[in-house]
Protein chains: 2
Amino acid sequence: MTASASSRLSIEDWTERALALVMDEGVGAIKINRLCKELGVTKGSFYWHFADLDALLEAIAERWCAETRTLLGSLSALDDLPPLERIRAMALRLIDGPSFSVERALREWARSDAKVAAMIVESDQFVFELVQAALVDLGHTPEGARMRAGLLVYAGIGFAHGQNSLPQPTADDIEDLVAFLAGEAAR
Amino acid sequence: MTASASSRLSIEDWTERALALVMDEGVGAIKINRLCKELGVTKGSFYWHFADLDALLEAIAERWCAETRTLLGSLSALDDLPPLERIRAMALRLIDGPSFSVERALREWARSDAKVAAMIVESDQFVFELVQAALVDLGHTPEGARMRAGLLVYAGIGFAHGQNSLPQPTADDIEDLVAFLAGEAAR
DNA sequence: ATAACTCCATACCTTAGGGTATGGTGACGG
DNA sequence: CCGTCACCATACCCTAAGGTATGGAGTTAT
């Protein structure tokens, strides 16, 4: 459906569908037969494109890593914004509800795929350093900025993994949070 | 080995071993044959004690919930400590490395077991309210305390799920963190 | 002592899912 | 027009794992 209109499938058709599956049902949901059914083919097709399941997993890991890397690159555009805006943008990104299941799926995946794990580390690092730099721009010491940025990033990760245990923060709450983290700058 | 010396097994022997398995390998690692081998029996024994796998899962969920509830009860002893000590205790608890895999296993488990999920929510809530109360005792407004406590608890959850993406905080870092969260009390 | 009950072993069934072998069909170059 | 190759269908095998049926051995009560 989302794939190309051609009756023949390409590698990209497979990785695209498989990636979508990983995102909203986890890597454990990838079954060859199921994928085939969703793509309207049978296993004969799959094993022509890929040697085995691991080959498919590796392919979609590669693809996801590439996509994520370009996404991080595009995020560098935030550098032009004022520091507080940068922090706010990251905080809002961390609170984005629909992406929670994706976040969980990715970290679960990372536990069985080194490439994915490395990419996630890189991604976390990226956000962390972005926030830290913004805090330094606001006049914080590197150490103070480090602690605050770490707190925000880890809270973001935790937010995706907590099962709505605590009341969900509103937009106003985020404002308070950003103000708190950015506060008492020149101490 | 850890079970009773008797040659016959009890329900507790099964739930104990299974719970240990869940903790350090996740709920997905529970296989009937494997459990039997570890306990030195065969499936005939398992299916005498339990109707099926779900019955076993339910039993260990029940057991874990009970154990966790008493653990939370014992944690109420912290109420006598000064507020800052209470927060510090919770912060250190959240950073406890060896329990990370347990934390992950539990939340994964919670996604397929409502009882476990509810217990985790209760547990998170407990820690959250404890920290929040301590912050209020320090002179914070309920709203300020709420935000700070939420930040700490979520960061703790995230810390267990991040794959060492960011540099691990030292004991000194925790001190700074607690001081930061508790800081600027009477504003 | 023996009947009854508890706990467990053995053998077997069934399903899901990864993987393989082989043949067929459409498109395209020669 | 025909062969070749890319792509796929069909049929099959193998293993892991949950589940069942049945019988046997140890224990306990009467």
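Reminder, nothing fancy here: chain letters follow the sequence lines and each chain counts from 1.
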Practice item. Can you sort out which residues in residues 25-33 of chain A have a heavy atom within less than 4.0 Å of DNA chain D? Ascending by number, please. Key: none
Practice item. For B/L56 and D/dG19, give me the distance from atom CG to atom P, rounded to whole Å. Key: 10 Å
Exercise for review: Using the closest heavy atom to pick a nucleotide of DNA chain D for each, name whichever of A/K43 or A/W48 lands nearer the 5' end.
Suggested key: A/W48
Exercise for review: Heavy atoms only: give me the nearest A/L151-B/A155 pair and the separation to one decimal.
Suggested key: CD1-CB, 3.7 Å
Exercise for review: Starting from P on C/dA16, measure out to CZ on A/R34 and report it in whole angstrom.
Suggested key: 14 Å
Practice item. Taking only Lys NZ, Arg NE, NH1 and NH2, and the carboxylate oxygens of Asp or Glu, determine whether A/D124 and A/R107 approach each other closer than 4.0 Å. Key: yes
Check your understanding: Are B/I174 and B/I87 joined in one hydrophobic group, where the rule is that I, L, V, M, F, W and Y side chains link up if heavy atoms are under 4.5 Å apart?
Key -> yes
Check your understanding: Where the side chain of A/S45 is defined as all heavy atoms beyond and including C-beta, which of D/dA11, D/dA9, C/dC8 is the nearest nucleotide?
Key -> D/dA9
Check your understanding: How is A/Y47 classified with respect to the nucleic acid when contacts are heavy atoms under 4.0 Å: base, sugar-phosphate, or nothing?
Key -> base
Practice item. Let me see the working for B/E108 and A/R104 under salt bridge (Lys or Arg N to Asp or Glu O under 4.0 Å), right down to the final yes or no. Key: CA-CA 9 Å; B/E108 178 205 353; A/R104 285 197 299 263; over 6 Å; no
Exercise for review: Calculate the interatomic distance between B/W14 atom CH2 and C/dC7 atom C1'; express it in whole Å.
Suggested key: 11 Å
Exercise for review: Evaluate the criterion side chain to side chain contact (heavy atoms under 4.5 Å, CB included) for residue pair B/F159 and B/L166; output intermediate values, then yes/no.
Suggested key: CA-CA 9 Å; B/F159 199 73; B/L166 282 38; over 6 Å; no
Review point. Please give, in whole Å, the distance from D/dG26 P to B/R8 CZ?
Key: 9 Å
**Study point:** A/L57 CG - C/dG18 C1' separation (whole Å)
**Key:** 13 Å
Practice item. Spell out, yes or no, whether A/V102 and A/L94 are grouped together once hydrophobic residues are joined by side-chain heavy atoms under 4.5 Å, including indirect joins. Key: yes
Point to revise | Polar side-chain atom of B/S45 near backbone of B/T42 as donor-acceptor pair, under 3.5 Å | key: no
Check your understanding: When the distance from NZ of B/K37 to P of C/dC8 is rounded to whole Å, what number comes out?
Key -> 18 Å
Check your understanding: Would you say the side chains of B/D13 and B/S10 form a donor-acceptor pair under 3.5 Å?
Key -> yes
Review point. What integer distance in Å separates B/E12:CD from C/dC7:C1'?
Key: 15 Å
Exercise for review: Whenever both distances are under 3.5 Å in a Watson-Crick or G-U wobble pair, mark it; put DNA chain C into dot-bracket that way, with [ ] for crossing pairs and | when the partner is on another strand.
Suggested key: ||||||||||||||||||||||||||||||
Exercise for review: State whether B/E25 and B/R34 are salt-bridged, where the test is any N-O pair (Lys NZ or Arg NE/NH1/NH2 against Asp/Glu carboxylate O) under 4.0 Å.
Suggested key: yes
**Study point:** Distance, rounded to the nearest Å, where A/L9 contributes CG and C/dG26 contributes P
**Key:** 17 Å
Review point. D/dC8 phosphate, OP1 or OP2: any side-chain N/O from A/H49 under 4.0 angstrom?
Key: yes
